[in-house]
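Okay, structure first, notes after.
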Amino acid sequence: MTGQIQPIRGMNDVLPAESVLWQHLEGAVRELLQGYGYEEIRVPVVEHTELFKRAIGEYTDVVEKEMYSFVDQGGDSLTLRPEATAGVVRAMISNGLLRGARHKLWCIGPMFRHEKPQKGRYRQFHQVDVEAVGFAGPDVDAELIALTARLWRRLGITRVKLQLNSLGTAEARRAYREQLIAYFSAHHDRLDEDSRRRLQGNPLRILDSKNPDLKQLIAAAPLLSECLDPDSQAHFAALRTSLDAMGIEYTVNPRLVRGLDYYSRTVFEWITDALGAQDAVCSGGRYDGLITQLGGEATPAIGFAMGIERVVELLRQLPTQPQAAAADVYVVLNGERAALAGGRVIESLRDALPHRRFELNLGGGNFKAQFRRADRSRAALALIIGEDELDRGVVALKPLRLESGQSECPMAELPGRIEAALRAADIQE
Ligand code: HAM
C-alpha cells in the first residue's frame, strides 16, 4: 500500500507561518479575559450525543445534519463537540460548581460540524468560548459585549459591526411560535422539505434557513419583538442604555435568531463584510433555561464564541502583521573542536540569558553556508567559535544588522557582552 494519505475535507493544518497569527490572537484573548476576571476551563472534545441533542435542539441544522457522531467500542453514542457551551455547562453540573455560585469561564479549542466547506466555513474549526454563569444581567451582557469590542480594538480589527436582538423568555417564544406556525402554514407550498419538517417541531428554526428561495418569505414573517414580554423588554432597554453609555455602536436586528435553540433574551453577533458569505465572527447570547434543561439547578447565564479561523483571516487582511520572533544570536562553528565546544557554550549561555533566543548551527557547513543560515534566522548577532579562538579562551562577536565590525570577547564576559550588543542593535533599529 503506497500513495499519499489525503487530509480530511474541511479540516486544516495550521502551518508555522500562520500559527504566528493564531498565537498573536490567542495571546491577546488570554490577556484580555484575565483582565476581566475570566478563568480557563478545559473540557473533553467528545460528549454523549444526548447532551448536544438536548442543549442545541433536535430541529437545528447542527443536530439534524452536522454532528460527527459515532458508537464507541462500549456501545455508547458519542459526538465530537459542535460547540462548547453544552460541554462547559455539563462540566459545571457534573463537578457541582453551580449551587448559586457565579463563574466566569473561558475555553479554546476545536469544534466539529459536518458543514459544506468553503472559505471561512470548515468541518474542524476553532472557537474561543466565553461563558458567564450565574449572572442575570443586563450588566453582564453589556460587559461581555464591551470585552469583545475591546478585543477588536486591541487587534486593530475595524471591519466588524455589532447586531443585537432579544429573544424574550420561553413563554414569549411560545406565543410567537403559534404566530409563526399560522404564517408559514398559510405559505406551506413555498416551504422546502426542512422547513416543512420544522414547522410543527420548531418553526423558529425556519427563520435561520440557509435556503435563498425562502429569503423573501422569511423577511415578511411576523417579528418576535412584537411578542416580547415586559421583563425582557426592560432587560433589552437596559442593555442598550449601557452600550450607549460606553459608546459601543450596534444595530438592532429583529431577524437575528441564532442557530441554536438554547437562547433567551439577549442575542448578539459581530458580523463582517470581509469574509464573503461567512459573515459571523463572534456570536452568542443569554441562555437562562439551558442549565435546568441539562439537569442542573436554575441558573442564568450568557456567553459567546468567536471563530478563530475567521478572526485570523481578518488579521491577515490588516496592513501590518505580527512577525515570527527572530533569533537573537546565531552560533557559527569553525572546526571540529569548535563544534564540540559549541554545544557546551550555547547551553551555558541559555542558562545565563534564559529570555534570549539562541540558534546553534546544526549539520555543519562551510563559513559561507553558516552565515547564510545566520541571515535567514534574522539574528542580530553571530557568535563565532573557532579553534584558534578557543585556545585563547575567546569567541568572536559579529553584529549582523549593523555596520560595526567583528570583535573578540573572553568566554567569561560573554553573557554581558551579548546582552549589550543586542541592546545596541535594538536601539539602532
Ligand atoms: P455559533 O454561532 O454556532 O455559536 O458559533 C460561534 C462562532 O463560531 C461563529 O460566529 C463563527 O465565527 C464560528 N463558526 C461557527 N461555525 C463555523 C464553521 N463551520 N467554520 C468556521 N467557523 C465557524 C456557538 O457555537 C455558541 N456555543 C456560542 C455561545 C457561547 N453562546 C453562548 N455561549
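Whatever order the structure lists them in is the order used to number ligands and atoms, beginning at 1. Numbering of residues begins at 1 and proceeds along the displayed sequence.
- A 4.5 Å side-chain heavy-atom check between Ile108 and Gln127 finds every atom pair outside the cut-off.
- Using the six-membered ring where Trp is involved, Phe371 and Phe367 have ring planes that are perpendicular, over 60° apart on the 30 and 60° scheme.
- By the 4.5 Å heavy-atom criterion applied to side chains, Arg30 and Trp106 are counted as neighbours.
- Look at Lys161 and Glu249 and you find no salt bridge, because none of the NZ, NE, NH1 or NH2 atoms lies under 4.0 Å from a carboxylate O.
- The side chain to side chain donor-acceptor pair (under 3.5 Å) test with Tyr287 singles out one residue from Gln293, Arg258, Glu131, and that residue is Glu131.
- Residues passing the ring-ring contact (aromatic ring centres under 6.0 Å, His included) test with Phe52: none are found, sequence neighbours excluded.
- Closer than 4.0 angstrom to ligand 1 sit non-hydrogen atoms from Glu83, Thr85, Arg113, Glu115, Gly120, Arg121, Tyr122, Phe125, Gln127, Asp129, Glu131, Arg258, Leu260, Tyr262, Tyr263, Ala280, Val281, Cys282, Ser283, Gly284, Gly285, Tyr287, Gly303, Phe304, Ala305, Gly307, Arg310.
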